[in-house]
S.K.: 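Sharing a structure with you now.
No hydrogens, no waters, no symmetry mates; every other heavy atom, side chains included, goes into these values. Below, chains carry the letters A, B, ... as their sequence lines are ordered, and counting in each starts from 1.
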Amino acid sequence: MPEQADTTQNKKLEFVTLVAGGQNFCIEITQIREIRRWTPVTILPHSPDHVLGVINLRGAVIPIIDLAAKLGFEKITPTERHVIIITAIDEMIIGLLVESVSEILGVNSDMVRETPRGPEDATTRAILGVIAVDDEMTKVINLSTLMPKQDQVAA
Amino acid sequence: MAQESSILDTFFEECEDLIVALTEGLEEMRDGNADDETVNAVFRAVHSIKGAAGAFALDELVGFAHKFETVLDELRSHKLTADDGLLRTLQRAGDILADLVDDARDQRPANRDVVDPVLAELQGFLGPEEEAPAEEFVFEALSLGFDDDDDEGGYIVSFTPGAEFYATGNDPALIISALKELGKASVTVDTTGLPTEFADFQWDKGYLTWTVEITGLMTDLPIHEVFQFVDDICALSITPLDAGPPAIDLPDIAEPDPTSPARPEPIAAVAPPPEAIEATPAPAPKKEETERPAKKAASTLRVDPERVDRLINAVGELIINQSVISQRLQEAALPNSSEIFADLDDYKLLAREIQEGVMAIRAQPVKPLFQRMMRIAREASDATGKDVEVVTEGEATEVDKTVVERLADPLTHMIRNAIDHGIETPEKRVAAGKSRQGKLRLSASQRAGSIVIEIADDGAGLNRLRIRDIAIEKGLIASDAVLTDQEIDHLLFAPGFSTAAEVTNLSGRGVGMDVVKTAITALGGRIAISTVPGEGTTFSITLPLTLAVMDGMIITVGGQTMVVPISSILETVRPSPGDLSKLGLKSELLRIRGEYVPIIDLAEQLGQPPSDKTMAERVLLLIQTEAIAQCAIAVDDIFDQRQVVVKSMHNNYGDIEGVSGATILGDGKIALIIDPDAIASGPAVAPQLTQLPEGDLSHARAS
């Protein structure tokens with residue numbers, strides 16, 4: 001899997017843009033396995049708020065994380081219209097519940113800029129860089145900060 | 001590169017088998033029921049390791065194996081007798097060889113402090129023979145004329161590697177250096193065969209002939225061994241030094257014509273059906289050949305574990321699919337007489353049989369693991385100066401391969417602990433009226449769906465007073481805590497606990513029994529201690545038979561479907577109100593056959609809102625746990641007993657308190673598998689419980 005946001009080389013990168021907590025984010029396409037509709041989950045005991053539970057994905061047990069809640073926004077109340085993005089990183093597979101998925105964005109790697117430094121919060125810590133698209137800006141999510149295991153180590 | 005490393009992997013796998021054979025042979029020799037064949041088997045094992053190690057240029061290993069092998073060769077040819085001293089040295093040499101193999105695999109440098117003394121000991125047995133070359137120097141200066149005669153003998157080895165020799169990746173340099181190890185050697189190479197034009201040069205053509213003159217060698221046996229793997233792909237001649245040049249072509253002697261062509265003819269003349277006769281002489285020599293090595297050659301199949309895992313996954317899906325079909329059929333409300341139910345039962349049985357068969361592929365006897373542990377025990381007793389006899393039982397017990405692999409570290413740690421801290425020094429033992437020699441028993445057995453591994457020493461037993469003091473000192477318990485003996489024993493597993501007064505280099509390097517416990521728990525197992533002061537300590541590890549499938553009881557709690565392992569359920573009880581009694585504010589007790597058993601509310605332990613059902617409306621599962629004797633887990637309802645496929649959540653999520661894994665039910669939904677032990681030892685969960693209902697708190701923690 002190619003390292004994301006490798007700014008030293010100018011290569012073509014593709015991102016899937018999505019909306020969570022009312023804001024624009026994006027995830028590198030190579031880290032995404034599939035996108036599926038919300039299905040009810042099995043709740044896990046003693047789990048933090050942003051962990052919704054686990055689903056059965058063709059025989060594998062995949063935890064589902066509410067991306068908005070994880071980033072510090074309001075929790076999403078999942079409905080049929082919400083979307084789960086199945087992502088894979090470091091051999092871990094997790095699903096992210098988001099409000100919607102919009103498009104695939106192709107950019108050159110030099111267009112991914114460093115995150116401007118500001119006060120840190122749950123959201124900025126999970127952001128790897130920003131991409132300016134027309135007038136809008138979208139934020140590249142650093143998936144490894146979302147992994148549940150990291151959480152446990154941190155806690 | 002990848003290719004080479006996979007060959008290397010195969011080599012190490014083979015080494016493992018060879019070391020098992022080696023250890024077995026040495027044990028037989030020690031017990032005094034060895035014959036020549038045993039010595040040969042040991043010799044062959046060491047020799048094969050040496051041969052293969054040479055191919056990978058693992059010099060340390062080759063060097064040691066060579067010396068080891070030479071001593072065994074002397075023993076084989078009855079020049080040495082197997083007395084106690086020699087046997088002990090051989091045993092240690094076997095241990096060292098195994099260590100060196102491990103070192104080579106992990107690409108660690110060998111521990112010379114350990115290797116060298118044993119090497120010297122081996123040398124001690126070889127004394128005169130190996131010293132010969134050294135003496136020679138002295139002699140040479142004195143008596144020029146007798147040079148040849150005075151030598152114990154020598155050989156001229158001349159070999160011309162053929163095309164196949166090079167094509168199979170052999171290296172003449174390795175062979176020459178192996179020959180050099182046999183004695184004083186001078187090497188000449190005949191380059192006359194080389195083509196004059198470079199263009200005529202073919203890379204795999206054998207143009208060169210090497211002639212090696214070795215002195216100080218009694219027999220040509222070691223030379224043949226050097227060429228063992230290549231004698232059919234190079235032209236080889238071995239001539240004794242004094243016998244002059246005539247070359248004996250080895251390939252010719254190596255193949256003593258199996259059946260002389262002359263023999264069938266006269267018989268054919270007597271008996272007309274030629275086919276039958278031709279068949280008779282053929283099997284005879286073949287049988288002779290196979291009989292000898294056949295002693296232990298159980299035929300095995302080396303399969304990429306990946307393939308087996310794929311099969312196991314597929315079988316897992318099959319079992320899930322089978323439960324889907326059962327559920328669908330039940331929903332279809334067919335008449336009970338329908339034959340399909342009988343067919344379904346067959347299907348269930350078949351699926352189970354396939355599953356058991358597949359799991360058996362992964363099963364391995366614990367024998368190699370135990371042998372490794374014996375080695376560690378011997379090393380540990382050497383290092384501590386304690387005299388310990390190690391006994392193993394149930395070596396044939398089969399356990400899942402993963403379990404065997406992952407048990408090695410915890411067992412190593414526990415065995416070192418038992419010898420370092422458990423068993424006393426010989427002086428203390430004698431003073432306590434025990435035998436000088438300590439005893440460590442390592443046993444494996446199968447008990448109702450689980451494997452029990454016990455490590456028992458006959459040492460001093462746990463010093464509960466000291467454990468308590470240390471726990472207080474390390475702040476693990478309050479100084480006024482009231483603990484039962486069992487609870488004190490369990491403090492050993494608390495993180496950051498180490499009883500050794502001083503840190504020895506053997507055990508107590510900061511990692512304690514808590515690491516052992518974590519490793520066992522990760523395998524779905526449990527660990528328990530029982531100790532009798534002055535008589536010893538027993539650790540017993542209980543492990544599930546397989547990691548992939550188990551029998552579970554389907555239950556519901558707070559609207560969620562979950563699974564409880566059948567193996568831990570003693571019975572299920574629907575309590576009548578009269579059987580229940582309150583204990584304090586909330587706790588309730590169940591009276592069963594005159595005993596009072598604490599009731600644990602599963603919903604509460606899992607952080608769910610309290611159920612509106614009263615205890616009498618629920619079902620209680622009576623379980624046996626390690627921590628407390630018995631307890632009853634309250635669930636809302638029980639449904640069914642079925643085989644479930646265990647899916648680990650460890651990789652994608654991590655571990656959850658009270659949950660050992662998950663499974664997929666017939667309707668495709670996920671059900672969590674409860675870990676009754678963790679639920680029963682409630683206090684560990686309790687502090688977290690208070691935080692959970694308040695969403696803000698856990699939210700703050702997470703973000």
S.K.: Do A:Thr42 side-chain atoms and B:Ala671 backbone N/O form a donor-acceptor pair below 3.5 Å?
M.R.: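 Here the side-chain-to-backbone pair does not exist.
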S.K.: Heavy atoms only: give me the nearest A:Pro45-B:Leu606 pair and the separation to one decimal.
M.R.: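 Smallest interatomic distance, heavy atoms only, reads CB-O, 3.2 Å.
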S.K.: Using every non-hydrogen atom in the two residues, find where A:Val61 and B:Ile670 come nearest and quote the distance to one decimal.
M.R.: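 Heavy-atom minimum between the residues: CG1-CD1, 3.8 Å.
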S.K.: Report the distance from atom OH of B:Tyr653 to atom CD1 of A:Ile62, rounding to the nearest 0.5 Å.
M.R.: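 So the OH of B:Tyr653 and the CD1 of A:Ile62 are separated by 14.0 Å.
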S.K.: Counting only N and O atoms by type, is there a donor-acceptor contact under 3.5 Å from the side chain of A:His46 to the main-chain atoms of B:Gln605?
M.R.: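 Yes.
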S.K.: Should the heavy atoms of other residues, nucleotides or ligands under 6.0 Å from CD of B:Glu331 be counted, would the total exceed 12?
M.R.: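 More than 12 within 6.0 Å, yes.
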S.K.: Going by heavy atoms in the side chains, are B:Gln560 and A:Ile43 under 4.5 Å from each other?
M.R.: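 Sidechains of A:Ile43 and B:Gln560: in contact.
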S.K.: Tell me every residue that passes salt bridge (Lys or Arg N to Asp or Glu O under 4.0 Å) with B:Glu356, counting only those two or more places apart in sequence or in another chain.
M.R.: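 B:Glu356 satisfies salt bridge (Lys or Arg N to Asp or Glu O under 4.0 Å) with B:Arg352 once adjacent residues are dropped.
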S.K.: Pick one of side chain, backbone, both or neither for B:Ile664, based on which atoms fall under 4.5 Å of a heavy atom in chain A.
M.R.: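 When you check distances to chain A, only side chain atoms of B:Ile664 fall under 4.5 Å.
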S.K.: Do the non-hydrogen side-chain atoms of A:Leu44 and B:Val659 ever get within less than 4.5 Å of each other?
M.R.: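 Result no, sub-4.5 Å side-chain heavy-atom pair not found.
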S.K.: For A:Ile104, I'd like to know if atom CD1 has over 12 heavy atoms of other residues, nucleotides or ligands within 6.0 Å.
M.R.: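 Incorrect, the count does not exceed 12.
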S.K.: Identify, with sequence neighbours excluded, every residue that meets salt bridge (Lys or Arg N to Asp or Glu O under 4.0 Å) alongside B:Asp640.
M.R.: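 Partners of B:Asp640 by the salt bridge (Lys or Arg N to Asp or Glu O under 4.0 Å) criterion, ordered by chain and then number, come out as B:Arg642.
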